[in-house]
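These notes are about the structure you will find just below.
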Amino acid sequence: MATKPIMSLNIKERSLLFAQLAQIAYDDEAEATKKVKSLGFTTVEFYDIDGAQAYRFQNKSDMVIACRGTQPTEFNDIKADLRAVPVMAETIGRVHKGFKKEVDELWPLVLEDITRTVNKDNTLWFCGHSLGAAMATIMASRCFYNAHVPNPYELYTYGSPRVGWPKYVKTLGVRHVRWVNNNDIVTRVPLAVMGYKHHGEERYMNAYGQVRNPTGWQRVKDRFRGMWMGLKQGKIDNFGDHSMVNYVANLENWNKE
């Protein structure tokens with residue numbers, strides 16, 4: 001699918017491709033290289049500084065920065081999100097301190113690659129899941145506010161937490177397609193009462209994994225439906241819905257519709 005320029009893909013195809021790349025970002029470099037080759041990418045670089053991790057997937061037309069996140073199975077694994085401390089961003093407004101720190105580790109390496117003259121004709125994209133979604137959002141924002149850096153064409157995130165305060169979110173001028181799978185708990189932290197807001201154009205998957213645009217009340221009912229379905233299967237829906245495997249599976253089914 002990605003053997004042709006990403007710009008030529010429709011929203012369904014792009015959403016699936018970036019979901020696949022966000023999932024591949026969890027693999028080691030050898031496995032990731034093998035998988036993205038089948039998607040049309042010929043260059044792979046792995047960034048890893050003190051646990052902050054991301055990939056650069058590239059071909060003759062596109063460059064994708066896919067940030068690696070975490071896949072919690074217990075509430076303790078995301079408690080850092082609930083202890084968020086807002087700090088001044090590199091751009092405008094306040095952003096989550098922990099997410100910013102992860103980006104700060106990798107940014108010099110990423111910046112060097114995306115500003116190389118040889119890459120000036122590549123279309124730049126960002127994607128990520130969970131913590132990786134937050135990192136991708138911050139990186140895209142930094143590109144947008146740096147006149148010497150190519151602007152990303154789009155940002156695709158899956159199971160993203162809230163990243164910054166209203167001013168930061170309002171001034172993040174990158175088109176952002178933000179995927180939410182029903183009861184995904186990570187999409188609800190840090191808490192809105194702490195001042196954090198989501199960015200981007202939300203795309204919602206219901207309890208059956210279908211892409212829908214429900215009203216507020218329909219969404220409430222759908223969340224309860226998802227929790228009930230999870231209980232019947234002996235699973236905690238809030239954590240299961242955060243799995244990148246489920247995001248990819250739902251988008252594969254959407255592409256078949």
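Only a predicted model underlies this, so the values are computations on that prediction, with no experimental measurement involved. Just so you know, residue 1 is the first one in the sequence shown, and it goes up from there. Computed from heavy atoms alone, side chains included, the values below leave out hydrogens, waters and symmetry copies.
From E102, atom CD reaches atom CH2 of W107 across 15.0 Å, with rounding to the nearest 0.5 Å. Here I138 contributes atom CD1 and K100 contributes atom NZ; the two are 8.5 Å apart, rounded to the nearest 0.5 Å. One finds the OH atom of Y208 at 8.0 Å from the CD atom of Q210 (value rounded to the nearest 0.5 Å). We find the OG-CG distance between S15 and L9 to be 10.0 Å, quoted to the nearest 0.5 Å. To the nearest 0.5 Å, the span separating OH on Y153 from OG1 on T123 amounts to 8.5 Å.
For the side chain to side chain contact (heavy atoms under 4.5 Å, CB included) test with S141, the passing option among I92, L155, L172 is L172; the others fail. Among W179, Y26, Y158, the one residue that satisfies the ring pair (Phe, Tyr, Trp, His ring centres under 6.0 Å) test with H129 is Y26. C143 pairs in a side chain to side chain contact (heavy atoms under 4.5 Å, CB included) with only one of the listed residues (T115, V174, I114), which is I114.
Here the closest heavy-atom approach between residue W125 and residue D62 is recorded as NE1-OD1, 2.9 Å. Pairing each heavy atom of R188 with each of N182, the nearest pair is NH2-O, 4.1 Å. Across every non-hydrogen atom of P190 and Y196, the tightest pair is CB-CD1, 3.6 Å.
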Derivation of the side chain to side chain contact (heavy atoms under 4.5 Å, CB included) call for L17 and E13: CA-CA 6 Å; L17 173 63; E13 295 168 329; over 6 Å; no

Side chain to side chain contact (heavy atoms under 4.5 Å, CB included) evaluation trace for R68 with F46: CA-CA 10 Å; R68 179 183 289 183; F46 182 47; 3.8 Å; yes

Stepwise side chain to side chain contact (heavy atoms under 4.5 Å, CB included) check, E257 with K12: CA-CA 10 Å; E257 292 179 3; K12 286 186 174 184; 4.0 Å; yes

Trace of the salt bridge (Lys or Arg N to Asp or Glu O under 4.0 Å) decision for K256 with E252: CA-CA 7 Å; K256 295 174 184 175; E252 285 176 340; 5.8 Å; no

Verdict with supporting geometry, V64 and C127, side chain to side chain contact (heavy atoms under 4.5 Å, CB included): CA-CA 7 Å; V64 179; C127 68; 3.9 Å; yes

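Looking at Y47, its side chain never comes within 3.5 Å of a backbone N or O of Y55 through a donor-acceptor pair. Checked by atom type and distance alone, the side chain of H96 pairs as donor or acceptor with a backbone atom of F99 at under 3.5 Å. Panel note: side chain R212, backbone N206; no donor-acceptor pair is recorded below 3.5 Å. Side-chain N or O atoms of T187 include one that pairs as donor or acceptor with a backbone N or O of D184 at under 3.5 Å. Within the 3.5 Å criterion, the main-chain N or O of Q20 finds no donor-acceptor partner in the side chain of Q23. Judged by distance alone, the side chain of S130 and the main-chain N or O of G132 form no donor-acceptor pair under 3.5 Å.
For D104 and R142, the salt-bridge test passes: some basic side-chain N is under 4.0 Å from an acidic carboxylate O. Ion pairing of R203 with E201 is present here, as a side-chain N (NZ or NE/NH1/NH2) and a carboxylate O approach within less than 4.0 Å.
Between the side chains of T157 and H176, a donor-acceptor pair is found at a separation under 3.5 Å. Using a 3.5 Å distance cut-off with no hydrogens or angles, the side chains of H199 and T137 do not pair a donor with an acceptor. Counting only N and O atoms by type, the side chains of N119 and Q58 include a donor and acceptor under 3.5 Å apart.
Under the rule for a ring-ring contact (aromatic ring centres under 6.0 Å, His included), the partners of Y156 that lie at least two apart in sequence or sit in another chain are F18. Residues passing the side-chain contact (heavy atoms from CB on, under 4.5 Å) test with N181 are M205, D241, N246, Y247, N250, sequence neighbours excluded. Applying the salt bridge (Lys or Arg N to Asp or Glu O under 4.0 Å) test to E154 and every residue at least two apart in sequence or in another chain returns R14, R175.
Pairs engaging residues 45-57 under the salt bridge (charged side-chain N to carboxylate O under 4.0 Å, His left out) rule: E45-R56, R56-D113 [sequence neighbours left out]. Judged as a salt bridge (charged side-chain N to carboxylate O under 4.0 Å, His left out), not a single pair has a partner in residues 127-138 (not counting sequence neighbours).
Side-chain heavy-atom separations under 4.5 angstrom define the hydrophobic clusters, and the remaining members of the one that includes V180 are Y204.
Within 6.0 Å of the CG atom in N213, the count of heavy atoms belonging to other residues, nucleotides or ligands does not exceed 12.
The aromatic rings of F57 and F41 lie tilted to each other, with the angle between the two planes from 30° to 60°.
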